[in-house]
Amino acid sequence: MANNKIRVRYAPSPTGHLHIGNARTAIFNYLFARHYKGKFIIRIEDTDTKRNVADGEKSQLDNLKWLGLDWDEGPDVGGDFGPYRQSERRATYDPLIQKLLDEDKAYYSYKTEEELEAEREEQKARGVMPHYEYEFAGMTEDERKAAIADAEAKGLKPVIRFRVPKDHTYEWDDLVKGHVSFNSDSIGGDFVIVKRDGMPTYNFAVVADDHNMQISHVFRGDDHVANTPKQLMIYEAFGWQAPKFGHMSLIISADTGKKLSKRDETVLQFIEQYHELGYLPDALFNFIVLLGWSPVGEDEIFNQRQFIKMYDESRLSKSPATFDSKKLEWINNQYVKNSDEDTIVDLALRQLIKGGKLPENPDALTIEWARKLIDVYRPQMSYMAQINEMANVFFEDPELIKGDALEEIENETAPVVLKAFAEKIKELPIFDKVEILKTIKSIQKETKIKGRQLWMPIRIAVTHEMEGPELPESIELIGREKTLKHLQQTLDQISK
RNA sequence: UGCCCGUUGGUCAAACUGGUUUAAGACGUCGCCCUCUCAAGGCGGAGCUACGAGUUCGAGUCUCGUACGGGUAACCA
């Protein structure tokens, strides 16, 4: 049974790609809606025409879809409460603004940006919090009219400010943070609700839209806490009931300890980047949910359906969480190992092509070979793009062996093993993993060299790495010719 | 600086309204095992209630203070 009372929204501004923090906000709203069988709505907040970017909206929606979200109402699917772009909702704002004006709950303000700037500077110098100072303070009605006429005569275009009630407490029971309260005197003075270009500001538009769209719950980032009292004032001015608010902690950077900012380079910021690197959307979804929310039991790997079922907004964390990319990789690897083969092969194949390892349109034989290669790397791959690095030896002739790997094979037995191995595989009637394994075992029998002394030289000589997937299979995939070549090179190098 | 919020191990975090938990679990880290090698996998170890008071028979859980951290102070959202 659907719950018509529960309506939540994700309201991005189309200023760029989908940021990981916003994705998280979207996901938690989505989970909430689906858990309670309510509606999930997307609304585009594009009142800042200067900051909107061309494909911003499309990119936001595409990435949300990629993460596996779907919505009941939105700019692309419509709905009964449209339009779903704020820029198209001017007609719904104007009468509301007029009402506020008529009731003197809002007024035209002529202070210029320069004046405001100077005001703030001066206040800062005095050590007080920067705030807007009422420009008609102490004036009689006539004086006020004169001041306005004067400003108009100078050609100044006004903004509209909301008259903030004096010394009034605004409070709410936050779904995440508990009880929060603000004194109206501490929020910075009368704030702008309509900009000079006639567009409403965010703080006004959200309230009007959330009310008109009958939004019941608002889950958003912690950075909106300070906006909430302003919005509450507007609800109050209209006599509307405010939705329930839940302010989720922010994701902070491990590097700076501050909220993830676009400039932070230690963490990939945008969903798109993970998409491109070949992360699995379900894994990313899983990881993001675990950031600031915890399930009841001890497991941590869940699919979307399970999350929807388990979701409980009271388990949202109050304190900020650090983005741990190591854990993301681990989660992704879990998914890589458990996804069906075709999905992984398809994604990894695309990375190999993108990385220039395989031709644009590989033939069937190549695909078959690649399938085996990808399969071999599945246990250790965390995201698909890694295969280009990991499997490099399959495509290019490696450079000289160095470092630990070189030390490992600079001994008496390594050349013995390598020579024997080279000799034997030349003769092999069938060059496959079974035969290769037999070959290695026969060397063990004949030379009495075993374990690490036996396997490491071969691995290093052939792959130049000390770690990697199953050796016999890897050697089969590299092929006899290249294997022999690598063996010879290595022998040359260590015998010099 | 004002206002708001937070603080359990390196990281994410559990512990319902104060009372068996030796303070779960996961990532990471370390060690061991497995195996023909490394990885993967299995097993195990180390590691935390910021500090100081108070309330209470009893505090990670409540109160106050300190410290630290975050958010916010736009004609951005």
Side-chain angles (χ1 to χ4, degrees), chain A residues 11-13 15 22 45-48 50-51 86 109 111-113 116-117 120 123-124 126-132 157-161 174 176-178 180-183 185-189 191-197 199-203 205-206 220-229 247 249-250 252 254 257-259 287 290-301 314-315 317-331 333 337 377-380 408 437 440-441 443-444 450-460 463 465-472:
Chain A
S13 17
T15 54
N22 292 131
E45 309 219 319
D46 54 354
T47 53
D48 187 354
K50 292 183 288 289
R51 297 206 320 163
Q86 291 187 326
S109 164
K111 269 197 194 175
T112 64
E113 308 224 33
L116 290 166
E117 181 59 29
R120 280 193 282 266
Q123 287 160 341
K124 237 182 273 176
R126 273 198 344 236
V128 305
M129 180 190 67
H131 63 280
Y132 163 81
K157 280 244 180 298
V159 298
I160 299 175
R161 283 179 188 273
D174 197 281
V176 178
K177 302 179 113 48
V180 182
S181 90
F182 281 86
N183 184 290
D185 293 348
S186 74
I187 62 119
F191 56 92
V192 175
I193 55 175
V194 177
K195 301 183 235 181
R196 208 175 299 284
D197 65 5
M199 275 291 197
T201 58
Y202 162 77
N203 276 128
V206 247
R220 58 189 5 174
D222 205 351
D223 48 344
H224 283 289
V225 170
N227 285 322
T228 308
H247 290 93
S249 60
L250 268 13
I252 58 181
K258 296 201 186 305
K259 100 171 151 172
F287 173 72
L290 258 24
L291 218 48
W293 186 85
S294 58
V296 173
E298 296 182 351
D299 295 334
E300 300 203 317
I301 303 295
S314 73
R315 299 184 72 82
S317 166
K318 289 182 192 190
S319 41
T322 306
F323 190 97
D324 180 4
S325 41
K326 278 276 198 316
K327 182 142 186 179
L328 204 210
E329 297 203 352
W330 178 79
I331 289 181
N333 175 254
K337 283 188 292 203
Y377 277 102
R378 266 173 78 163
Q380 56 235 270
E408 180 76 31
L437 178 57
I440 296 175
K441 287 194 164 163
I443 295 174
Q444 174 180 338
K450 59 177 184 171
R452 193 179 173 109
Q453 265 73 44
L454 171 65
W455 288 78
M456 265 308 191
I458 299 177
R459 173 178 292 281
I460 291 169
T463 72
E465 299 288 343
M466 291 179 74
E467 53 189 64
E470 286 298 309
L471 234 205

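Quick note on labels: first sequence line is chain A, next is B, and so on, each numbered from 1. These values consider heavy atoms only, across backbone and side chains, with no hydrogens, waters or symmetry-generated copies.
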Ignoring hydrogens and angles, answer whether the base of B:A77 and the side-chain atoms of A:D223 contain a donor-acceptor pair closer than 3.5 Å.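 Result: no qualifying N/O pair found.
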
Calculate the interatomic distance between [X] atom [atom1] and [N] atom [atom2]; express it in whole Å.
X      : N     : atom1 : atom2 : answer
A:K177 : B:C3  : NZ    : P     : 18 Å
A:H224 : B:C3  : NE2   : C1'   : 18 Å
A:R51  : B:A74 : CZ    : P     : 15 Å
A:R220 : B:C5  : CZ    : C1'   : 15 Å
A:K318 : B:G71 : NZ    : C1'   : 16 Å
A:K441 : B:U35 : NZ    : P     : 11 Å
A:K50  : B:A74 : NZ    : P     : 16 Å
A:Q123 : B:A74 : CD    : P     : 10 Å

Output yes when A:K157 and A:D197 qualify as a salt bridge under the 4.0 Å nitrogen-oxygen rule, no when they do not.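 A:D197 and A:K157: not salt-bridged.
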
Salt-bridge present (A:E117, A:R120; N to O < 4.0 Å):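 Judged by the 4.0 Å cut-off on N to carboxylate O distance, A:E117 and A:R120 do form a salt bridge.
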
Hey, does [X] reach any base, or is it just sugar-phosphate, or nothing, if we go heavy atoms under 4.0 Å?
X      : result
A:K111 : base
A:E470 : base
A:G468 : base
A:S181 : sugar-phosphate
A:N183 : nothing
A:V159 : base

Shortest side-chain distance from [X], nucleotide among [options]:
X      : options             : value
A:R452 : B:C76, B:A74, B:C38 : B:C38
A:K195 : B:A77, B:C3, B:U37  : B:A77
A:K326 : B:C27, B:C4, B:A77  : B:C27
A:M129 : B:C38, B:C4, B:G2   : B:G2
A:K337 : B:A77, B:G71, B:G41 : B:G41
A:M456 : B:C4, B:C38, B:A77  : B:C38

Note every stem involving RNA chain B: at least three consecutive Watson-Crick or G-U wobble pairs, i with j then i+1 with j-1, with both distances under 3.5 Å.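 Only these stems qualify: B:1-7 with B:67-73, B:10-12 with B:25-27, B:29-33 with B:41-45, B:50-54 with B:62-66.
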
Where do [X] and [Y] come nearest, in terms of heavy atoms and distance?
X      : Y      : value
A:S317 : A:S249 : O-OG, 3.5 Å
A:I443 : A:L454 : CG2-CD1, 3.9 Å
A:Q86  : A:A205 : NE2-CB, 3.4 Å

Aromatic A:Y132 / basic A:R161 pairing, under 6.0 angstrom, 45° off normal: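 Checked: cation-pi criterion met.
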
Gap between atom [atom2] of [Y] and atom [atom1] of [X] - 0.5 Å precision:
X      : Y      : atom1 : atom2 : value
A:R459 : A:E465 : CZ    : CD    : 9.5 Å
A:N203 : A:N227 : CG    : CG    : 4.0 Å
A:F323 : A:L328 : CZ    : CG    : 5.0 Å

Output, in order, the C-alpha distance, side-chain angles, deciding distance and verdict of side chain to side chain contact (heavy atoms under 4.5 Å, CB included) for A:L471 and A:I458. CA-CA 9 Å; A:L471 234 205; A:I458 299 177; 4.0 Å; yes

Using atom [atom1] in both nucleotides, what's the gap between [N] and [M] to the nearest angstrom?
N     : M     : atom1 : value
B:U1  : B:C64 : C1'   : 24 Å
B:A53 : B:G47 : C1'   : 28 Å
B:G9  : B:G69 : P     : 16 Å
B:C27 : B:G19 : C1'   : 32 Å
B:U11 : B:U72 : P     : 22 Å
B:C4  : B:G60 : P     : 28 Å
B:G65 : B:U29 : C1'   : 37 Å
B:A46 : B:A26 : P     : 15 Å

B/S/- contact track for nucleotides 59-66 of chain B, protein heavy atom under 4.0 Å: --------

Heavy-atom count around A:K337 NZ within 6.0 Å, excluding the residue itself: above 12?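 Yes, because the 6.0 Å sphere around NZ of A:K337 holds more than 12 heavy atoms from other groups.
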
Do the non-hydrogen side-chain atoms of A:I331 and A:E300 ever get within less than 4.5 Å of each other?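 When only atoms from C-beta onward are counted, A:E300 and A:I331 do not touch, as no gap falls below 4.5 Å.
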
Using OP1 and OP2 only, check whether a side-chain N or O of A:R378 sits under 4.0 Å from B:A39.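 So the side-chain polar atoms of A:R378 never come under 4.0 Å of the phosphate oxygens OP1 or OP2 of B:A39.
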
Taking only N and O in the side chain of A:T15, is any of them less than 4.0 Å away from OP1 or OP2 of B:A77?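 Negative; the distance criterion is not met.
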
Tell me if the aromatic rings of A:H224 and A:Y202 count as close, with their centers under 6.0 Å from one another.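 For A:H224 and A:Y202, the ring centres are under 6.0 Å apart.
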
Please check if any side-chain donor atom of A:H247 sits under 3.5 Å from a side-chain acceptor atom of A:D174, or the reverse.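 Checked: A:H247/A:D174 side chains pair up, N/O donor to acceptor below 3.5 Å.
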
Mapping A:P130 and A:G127 to their closest nucleotides on RNA chain B, which lands nearer the 5' end?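 Upstream on the strand: A:G127.
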
Polar atom pairs (N or O), protein with nucleotides 12-15 of chain B, under 3.5 Å:
from  : atom 1 : to     : atom 2 : distance (Å)
B:C12 : OP1    : A:T322 : N      : 2.9
B:C12 : OP1    : A:T322 : OG1    : 3.0
B:C12 : O2'    : A:L290 : O      : 2.9
B:A13 : OP1    : A:G292 : N      : 3.0
B:A13 : O3'    : A:S294 : OG     : 3.3
B:A14 : OP1    : A:S294 : OG     : 3.0
B:A14 : O3'    : A:R315 : NH2    : 3.3
B:A15 : OP1    : A:R315 : NH1    : 3.2

